[in-house]
Amino acid sequence: MVLDVQWAIAWLTLSAKAMTEHREELIELDRAIGDSDHGENMDRGFQAVVAKLAETPPETPGAALKLAAMALMSKVGGAAGPLYGTAYLRAATSMGDATELDGGALATALEAARDGIVARGKAELGDKTMVDAWSPAVEAAQAAAVDGPGPVLRAAAEAAAAGAVATDPLVARKGRASYLGERSAGHRDPGAASTALLLKAAADAAGETLPESPE
Amino acid sequence: MVLDVQWAIAWLTLSAKAMTEHREELIELDRAIGDSDHGENMDRGFQAVVAKLAETPPETPGAALKLAAMALMSKVGGAAGPLYGTAYLRAATSMGDATELDGGALATALEAARDGIVARGKAELGDKTMVDAWSPAVEAAQAAAVDGPGPVLRAAAEAAAAGAVATDPLVARKGRASYLGERSAGHRDPGAASTALLLKAAADAAGETLPESPE
Amino acid sequence: MKKLINDPRSVVDESVEGFGLAHADIVTVHPEPKFVTRKDAPVQGKVALVSGGGSGHEPLHAGFVGRGMLDAAVPGAVFTSPTPDQILPATAAVDSGAGVVHIVKNYTGDVLNFETAAEMAQAEGIHVRSVLVNDDVAVEDSLYTAGRRGVGGTVLVEKIAGAAAERGDTLEEVTAIAERVNSNVRTMGVALSACTVPHAGTPSFDLADDEIEIGIGIHGEPGRHRISMEPADAITDRLLGPVLDDLGIQDGDKVLLFVNGMGGTPQSELYIVYRRAAAILQDRGAAIDRSLVGNFVTSLEMQGCSISVLRLDDEFTDLWDAPVHTAALRWGV
Amino acid sequence: MKKLINDPRSVVDESVEGFGLAHADIVTVHPEPKFVTRKDAPVQGKVALVSGGGSGHEPLHAGFVGRGMLDAAVPGAVFTSPTPDQILPATAAVDSGAGVVHIVKNYTGDVLNFETAAEMAQAEGIHVRSVLVNDDVAVEDSLYTAGRRGVGGTVLVEKIAGAAAERGDTLEEVTAIAERVNSNVRTMGVALSACTVPHAGTPSFDLADDEIEIGIGIHGEPGRHRISMEPADAITDRLLGPVLDDLGIQDGDKVLLFVNGMGGTPQSELYIVYRRAAAILQDRGAAIDRSLVGNFVTSLEMQGCSISVLRLDDEFTDLWDAPVHTAALRWGV
Ligand SMILES: Nc1ncnc2c1ncn2[C@@H]1O[C@H](COP(=O)(O)OP(=O)(O)O)[C@@H](O)[C@H]1O
Ligand SMILES: Nc1ncnc2c1ncn2[C@@H]1O[C@H](COP(=O)(O)OP(=O)(O)O)[C@@H](O)[C@H]1O
Ligand SMILES: [Mg+2]
Ligand SMILES: [Mg+2]
Ligand SMILES: [Mg+2]
Ligand SMILES: [Mg+2]
């Protein structure tokens, strides 16, 4: 099994849906340790992605992600805009002109995305950022690469969800939450939470059914 | 029986006590249809009166009221300051240099006070102002004049208290409460309430025991 | 009640003291009795302008003391007009012999206290004229009330009359200009929340989460009526309509549009109101030649705004543009 | 949540539009992508200053666009830094060839978006330098955080660097002065209440009636710690102590004292804080040569304030005094 541009478009469309559905939840997470805008920013950004997709339908998964990267970069703002923008751009670059992606290509794209975030944001694992969702996702994806794209996305989504939950007890060392010091512990990182939702959308788009996400 | 400067000093001292005790009640009345300051203003003013009394003890009732007038004029501010200031000044003038006051002199002094308020503030009976407490007080005082000063003050105090209660249903036509139009009905006028307290203090100072004030 | 204060009874003292320290280049603070004068008062040969009123409306009035505007401001207790024994020495301190104009917002307390002070000043040989500001169109039946209140328009009266005094107008001329500004300005306000007078400790009125007060004054008193919350554009329509109708603004008029914050409303919201007001004026064919947006006549931390419109003529515009150097308004110098 | 707005999603658009209408003599508003430039931009031969950040801090930054200060401001969504596709055209619009200085408050979002825009501008041949403002001493362990935030001191950087650009300093010189201001200013803030981001609809944090947040930023985020309400003097001591210690203010130093309101605090209270801060500085033997009091870097309608101290030298004082003509700061012109 391989994934094509239809999957990429479905992923982005489901991502937009997820951002709208979870907008308030992400705002609430950001309210606790940030500035109450993450859900609004992500929702605005992915609505722009969907509008662009309709305007100029992409022909390859890479083109779809590049289009998404540009829209996110120009509409999200805040910390998340450039970070997700870079992530999707690096993923797009890693996909190149391929029309179809196998498990390995997908795992590599996810790794490129994560590396882009780390290159821009300089966060390390455990700093209570979206990296804490991306990094386990990349590892799980690499381990599942031989099983094909469906299992890769499924593994990535599950690992990201667990990674997001695991940010709860952490003390933030990067981003806005870091100003709270110890007071940031006991809250989930909003960026890690949105990453988990986006990777779940990727798996959903591939027809993977995930277990109830951990709480 | 006649009243002397000791009574006047006792009156002003009990007035100060009453303003402190009822400070919050008067603020609350003013909050409903004014600007929440009447109790604070009257309390500040009468504290200044008491301080001045200690500084330069007056020798006649007229001198005591003149001193009070000056202190009120310079410390109360707002509408009540000039109105009460004028009232006490006119009463003082009507008392002249007399060292002792009989019922007639007291009734005349109260009338002069009321007339001073009307001259300054141009309010008519029923405009929901302190005049609605002063005017019935003056009438009752005049009727009791022959019975001597105690009964005069007792009658004035009772009439003022009833007059204050009677402002409840009125629509204000003067002062700050008038801006509320119909919305001013259903609330007691703060200046009428303070007048009732001050005239009760006058009766208390003369040893008159009043019935529970009407509600 | 949470406030950045030490003691409710020392709020005005300490605040005015801090104001004097921060603006020592512009003003002198006289602590007892309390008033604030222009640093260089009395200015020889110049008619002096004195205003005042209860505190809690900052920057009004002390923030408008300085070259081209007020010569003295007399702050009372919070929402309580000052007393004659403050107003009289303030008047005497700034009189250079050319006379003094008292600019008085129309409230019973302010009127009575300034009236007494003016009489006393006249008795001391100072020429005093009084101008009543009563621009609030929310007060409809002036026959059955204490008359229209003085609100936001006060700033415009003080600026324009102040410029007239600065250019050397006589006592009669400055008085006439101040009165003319007052006749050409109207204001109406809205409150989204009450304010809390420090010594009272509780909000000046209770408002549900979805209610607003239309037609408020500037003392935390409730307004003419209470309505359900509406979008900013609808509220702007409600405020500006009566202002324009009462002024009779029509095609070809030139105006100054003043959107004033009540103290607790962010500037961004005032500009949203300004935007709508500008559109309404454009519809009427009026040209907005000058504008002012910000917190100038406030009610402590109240949320809300007022909209004032002044019909301009060339003289008003020139005097508006004339240099002014105060803590709260400054240009041309 | 009661706000003078029409729709949470149109707040920034409508507000900036109103701002442009009210100050059409000073600025031009570019609607899409959104940025605000000085009316006469680009000014030939002059280094241009561009700043920006999330909205909700008004008058920062658009209120500081004009002669002697910023050439362009780039407003993001509320509390959300703007995007490169706004920052880049703003940068290009004001560049006269002499180069552009980006003044960036140190927040991950602002840093990343301005960084990207600067790279793109450089690629287009525009000389861009970036200056990070990070004056907030509430952020203690910069090793374990995203570093000190840029807060109130930003205004001082923009004013002084803006004056340097206006007098003809080169790109390197303006950059150096901006950096030198940043190294000599420290700030700390307190919140008495939270603010409500329009699209969120609920207060940014929950605070009991007798609690305050010490060490807040300007985005409605909670502070470093929460304490019981205290008198203004005690709060002032808490804020100013770390500021002075970190700056190492000592006997004989000259300073600019800046008491900044967070948006919902009456001016009178800011002056009470100023009064105490002035006394503390006097105790330390420092001279307050310049001062600024008012709402300049706000968090919507938050109640509270921040105190900034800038160590002055003659050059800073001259540049501070130089003419400035913006919507929110104006003198000498
Ligand atoms: N340096 C960083 N590296 C990786 N992720 C980061 C970094 N800084 C912030 N983030 C992520 O961004 C999220 C916040 O995004 P958002 O609320 O949209 O931006 P802002 O903090 O500017 O308001 C955080 O929850 C975190 O996951
Ligand atoms: N024109 C008037 N004539 C008589 N009494 C008046 C007049 N205007 C106001 N008052 C009285 O003054 C009271 C208000 O006093 P106060 O609250 O101290 O002053 P202010 O209204 O200036 O805040 C009113 O309750 C009313 O009794
Ligand atoms: Mg955020
Ligand atoms: Mg009152
Ligand atoms: Mg009052
Ligand atoms: Mg943000």
Side-chain angles (χ1 to χ4, degrees), chain C residues 1-7 11-12 14-19 21-23 55-56 58-59 63 190 192-193 195 209-210 212 229 231-233 235 257 259 263-276 278 288 291-293 295 298 300-301 303-305 325 327-328 330-333, chain D residues 1-7 11-12 14-19 21-23 55-56 58-59 63 190 192-193 195 209-210 212 229 231-233 235 257 259 263-276 278 288 291-295 298 300-301 303-305 325 327 330-333:
Chain C
M1 177 190 69
K2 265 184 290 185
K3 289 176 179 289
L4 278 170
I5 63 175
N6 292 303
D7 174 348
V11 163
V12 176
E14 293 180 5
S15 171
V16 174
E17 188 186 333
F19 176 82
L21 292 169
H23 304 291
S55 291
E58 290 70 25
V190 63
L192 272 58
S193 72
C195 57
D209 274 356
D210 59 347
I212 59 178
M229 184 60 195
D233 284 358
I235 294 173
L257 173 58
V259 176
T265 283
Q267 242 186 42
S268 47
E269 297 179 22
L270 301 181
Y271 284 113
I272 291 176
V273 170
Y274 185 95
R275 171 182 170 276
R276 175 65 172 195
I288 306 175
S291 66
L292 186 67
V293 182
N295 291 312
T298 62
L300 296 169
E301 71 286 340
Q303 290 186 294
C305 73
H325 184 174
R330 181 169 175 185
W331 54 75
V333 60
Chain D
M1 178 189 68
K2 267 185 287 186
K3 288 175 179 287
L4 279 171
I5 63 175
N6 292 303
D7 173 347
V11 163
V12 176
E14 293 181 5
S15 172
V16 174
E17 188 186 332
F19 176 82
L21 292 169
H23 305 290
S55 291
E58 291 70 24
V190 63
L192 272 57
S193 72
C195 57
D209 274 356
D210 59 347
I212 59 178
M229 184 61 194
D233 284 358
I235 293 173
L257 173 59
V259 177
T265 284
Q267 241 185 44
S268 47
E269 297 180 21
L270 301 181
Y271 284 114
I272 291 178
V273 170
Y274 185 95
R275 172 182 169 276
R276 174 66 172 195
I288 305 176
S291 66
L292 186 67
V293 182
N295 291 312
T298 63
L300 296 170
E301 71 286 341
Q303 290 186 294
C305 74
H325 185 175
R330 182 170 174 185
W331 55 74
V333 62

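Every chain is numbered from 1, with letters handed out A, B, ... down the list of sequences.
- Across all their heavy atoms, C/Gly18 and D/Tyr274 have their closest contact at O-CD2, 3.7 Å.
- Take D/Glu14 and apply the side chain to side chain contact (heavy atoms under 4.5 Å, CB included) test, not counting sequence neighbours, and it matches C/Ile272, C/Arg275, D/Asn6, D/Ser10.
- Only the backbone of D/Val333 has a heavy atom closer than 4.5 Å to any heavy atom of chain C.
- The line from CH2 of D/Trp331 to NE2 of C/His325 is 9.5 Å long, rounded to the nearest 0.5 Å.
- Contact of C/Ile235 with chain D is made through the side chain alone, with heavy-atom distances under 4.5 Å.
- With a threshold of 4.5 angstrom between heavy atoms, C/Val16 does not approach chain D through any atom at all.
- Contact tally against chain C (heavy-atom pairs below 4.5 Å) for D/Gly63, D/Ser268, D/Gly56: the top residue is D/Ser268.
- Using a 4.5 Å cut-off between heavy atoms, D/Phe19 contacts chain C through both its backbone and its side chain.
- Counting heavy atoms from C-beta outward, C/Gln267 and D/Thr298 have side chains that stay 4.5 Å or more apart.
- D/Ser291 contributes a side-chain N or O that, together with a main-chain N or O of C/Ala22, makes up a donor-acceptor pair within less than 3.5 Å.
- If you tally non-hydrogen atom pairs under 4.5 Å between each of D/Lys3, D/Met1, D/Lys2, D/Glu58 and chain C, the highest count goes to D/Lys2.
- Ranked by non-hydrogen atom pairs under 4.5 Å with chain C, the options D/Ala327, D/Cys195, D/Cys305, D/Pro59 are led by D/Pro59.
- Legend: residues meeting side chain to side chain contact (heavy atoms under 4.5 Å, CB included) with D/Gln303, ordered by chain and number and at least two apart, are C/Glu301, D/Leu192, D/Ser193, D/Thr265.
- The contact between C/Asp209 and chain D is made entirely by backbone atoms, counting heavy-atom distances below 4.5 Å.
- How far CG of C/Asp233 is from CD1 of D/Ile5: 11.0 Å, rounded to the nearest 0.5 Å.
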